[in-house]
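Remember, it's a predicted structure, so these values are computed and weren't measured experimentally.
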Amino acid sequence: MDSLSEESKLLYHMIMSETDEIYEAKFASYRARALAAAATATSKTRSTTTLGASREYCHAMSKQSPDGDIIDCMHISHQPAFDHPLLKNHTLQLRPAYHPEGLYDDAKSSLASDNGDKKPMLQLWHQNGRCKEGTVPIRRTKKEDLFRVSSMRRYGRKQHPAPNPMSVDLTMLNEGGHQHAIAYVEGDKYYGAKATINVWEPKIQQPNEFSLSQLWILGGSFGADLNSIEAGWQVSPDLYGDNNTRLFTYWTSDAYQATGCYNILCSGFIQVNSEIAMGASIFPISNLAGSQYGISILIWKDPKEGNWWMQFGKEYVLGYWPSFLFSYLADSASMIEWGGEVVNLEPDGAHTSTQMGSGRFPEEGFGKSSYFKNIQVVDSTNQLKAPKGVGTFTEQSNCYDVQNGNNGDWGTYFYYGGPGKNSNCP
């Protein structure tokens, strides 16, 4: 390998700068210099350009995805997580000490369709190979991503708190433009959650809006002390540069103010899996009145080490968030949420037509409406159990709605989503 490229150094300093003044005043200069450096980079050396890290790659260690992504295979000990100052001497935990007990039958909640077709859910980049054991796949942040960034300080970060179903101020409804349709439980100590999430590709009206479906692991109040761990799928043209449905994670320990980010765009989450890339496109996706596909996500707190682990499907243990990243979640969660979220920026003064889920309302049912099924929580004995006292919440049911239920095959479930703008949601 050659020495660290100028492009990588510049990108590293952009994200690691400690003050708002440096972020904003020098951003334009950094971007221009980084793009110039990228144009003259040699063919022998590649930087990940993953914000929050500066690592080297060789062409042979990279996979080109059909959707244009570049997936770099990085040695597990060199991943971006270890740029976090509290992880400099961290002992890597390669596997959780314990899994939760009482998992649903994986034949029901695995990465497969719900119409008898057992083709596994994959990521698009898998069509051109996989990373080797001992490495982790990193979606490369490319120079094109920088053109879409107006503020380096907010790149890769959410700008709005998690939905608070216990306090709704309708006068604040469109501040930030975020709207939700969720199911939730609260009032106990929770040590994880699980769900199978139906996967779609909702239409986004304009690039700075998004649509996602996820679960939230929450601790603290909904003020400045909120802790959150999140995972699911999202369509976000502003973040990824396209309209593909992508696997994502998020975390914060201060209500999205200064800590945390999507995927691994900052240090924190430690990946141990060589097959699944955070932020990469999911394939296949569901079709209206056709094949239905879902992703199974489990997040739980290891009762021995205390770290929060994430599992994708029945076989991919992806990695963990160290417990010291959090205050309230260092112990347990106080609320679990599952459901959809969109950004409604009211283009032209009307509600956005950005879709949530499949873009259909819950009452249209299977094959048309999007759903979460087999939702569970992890209790204090490390048991996965059906949640008790599930509530539902949406700000504007004429735009996006949610309806829950329970049966023998799907356990606790709900349909959710909607088209956004319509005759009853002007």
Side-chain angles (χ1 to χ4, degrees), residues 1-9 11-12 15 34 38 41-84 87 90-95 111 120-146 156 231 239-242 244 246-249 261-283 295 309-313 315-321:
M1 294 284 189
D2 293 337
S3 60
L4 188 64
S5 71
E6 181 66 16
E7 177 191 15
S8 187
K9 292 178 183 178
L11 290 168
Y12 176 79
I15 197 64
T42 68
S43 62
K44 294 181 180 179
T45 303
R46 290 291 188 203
S47 163
T48 66
T49 68
T50 298
L51 301 183
S54 54
R55 308 295 185 189
E56 300 169 350
Y57 299 90
C58 293
H59 280 299
M61 298 173 64
S62 301
K63 310 295 181 184
Q64 183 75 45
S65 176
D67 61 1
D69 281 359
I70 298 174
I71 305 298
D72 291 304
C73 303
M74 173 182 283
H75 191 278
I76 192 170
S77 64
H78 294 163
Q79 63 182 287
F82 296 116
D83 286 320
H84 194 290
L87 286 170
H90 180 74
T91 299
L92 181 65
Q93 188 179 354
L94 292 176
R95 60 187 59 84
L111 304 181
M121 180 74 70
L122 301 171
Q123 293 186 301
L124 277 177
W125 69 276
H126 290 165
Q127 295 182 16
N128 292 330
R130 307 285 180 104
C131 290
K132 295 180 179 180
E133 188 175 353
T135 68
V136 293
I138 307 293
R139 179 184 179 271
R140 186 184 299 185
T141 302
K142 299 179 289 187
K143 60 183 181 181
E144 291 83 2
D145 298 310
L146 297 181
L239 182 60
Y240 301 106
D242 58 30
N244 291 353
R246 295 173 176 273
L247 175 70
F248 84 95
T249 62
C261 58
Y262 281 111
N263 305 320
I264 54 170
L265 292 176
C266 65
S267 56
F269 181 81
I270 299 174
Q271 186 155 342
V272 299
N273 182 275
S274 63
E275 297 193 67
I276 303 298
M278 299 296 191
S281 298
I282 297 172
F283 177 83
I295 58 172
W309 284 82
M310 177 179 173
Q311 179 168 313
F312 181 70
E315 56 186 300
Y316 302 113
V317 176
L318 299 191
Y320 61 96
W321 292 268

Practice task
Indicate yes or no: at least one non-hydrogen side-chain atom of Q127 is less than 4.5 angstrom from one of L122.
Solution key: no

Problem - Test item: P137 and Q123 side chains (from C-beta on) under 4.5 Å apart, heavy atoms - result: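 No. Closest side-chain heavy atoms not under 4.5 Å.
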
Handout entry: V317 vs R95, side chain to side chain contact (heavy atoms under 4.5 Å, CB included): CA-CA, chis, key distance, verdict
Key = CA-CA 8 Å; V317 176; R95 60 187 59 84; over 6 Å; no

Within the distance-only criterion (no hydrogens, no angle test), does the side chain of [X] pair as donor or acceptor with the backbone N or O of [Y] below 3.5 angstrom?
X: Q79; Y: Q271; result: yes
X: H84; Y: F269; result: no
X: R246; Y: G279; result: yes
X: E133; Y: T135; result: no
X: N273; Y: E275; result: yes
X: Y320; Y: Q93; result: yes
X: D69; Y: I71; result: no
X: D83; Y: S267; result: no

Atom [atom1] of [X] and atom [atom2] of [Y]: how far apart are they, to the nearest 0.5 Å?
X: D145; Y: L265; atom1: CG; atom2: CG; result: 8.5 Å
X: I264; Y: I138; atom1: CD1; atom2: CD1; result: 3.0 Å
X: I282; Y: L247; atom1: CD1; atom2: CG; result: 5.0 Å
X: I70; Y: S62; atom1: CD1; atom2: OG; result: 6.5 Å
X: C131; Y: H126; atom1: SG; atom2: NE2; result: 8.0 Å
X: L124; Y: N244; atom1: CG; atom2: CG; result: 6.5 Å

Distance-minimising heavy-atom pair for [X] and [Y]:
X: A280; Y: R139; answer: N-CD, 4.4 Å
X: K63; Y: N128; answer: CD-O, 3.8 Å
X: L87; Y: F82; answer: O-CD2, 3.6 Å
X: V272; Y: I76; answer: CA-CD1, 3.8 Å
X: W125; Y: A277; answer: NE1-CB, 3.7 Å
X: L94; Y: W309; answer: C-CH2, 4.1 Å

Practice task
Would you please say whether a donor-acceptor pair under 3.5 Å links the side chains of D67 and Y240?
Solution key: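 Note: D67 and Y240 side chains miss the donor-acceptor criterion.
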
Exercise for the section: Measure the acute angle between the ring planes of Y262 and F248, then classify it against the limits of 30° and 60° as parallel, tilted or perpendicular. Expected result: perpendicular

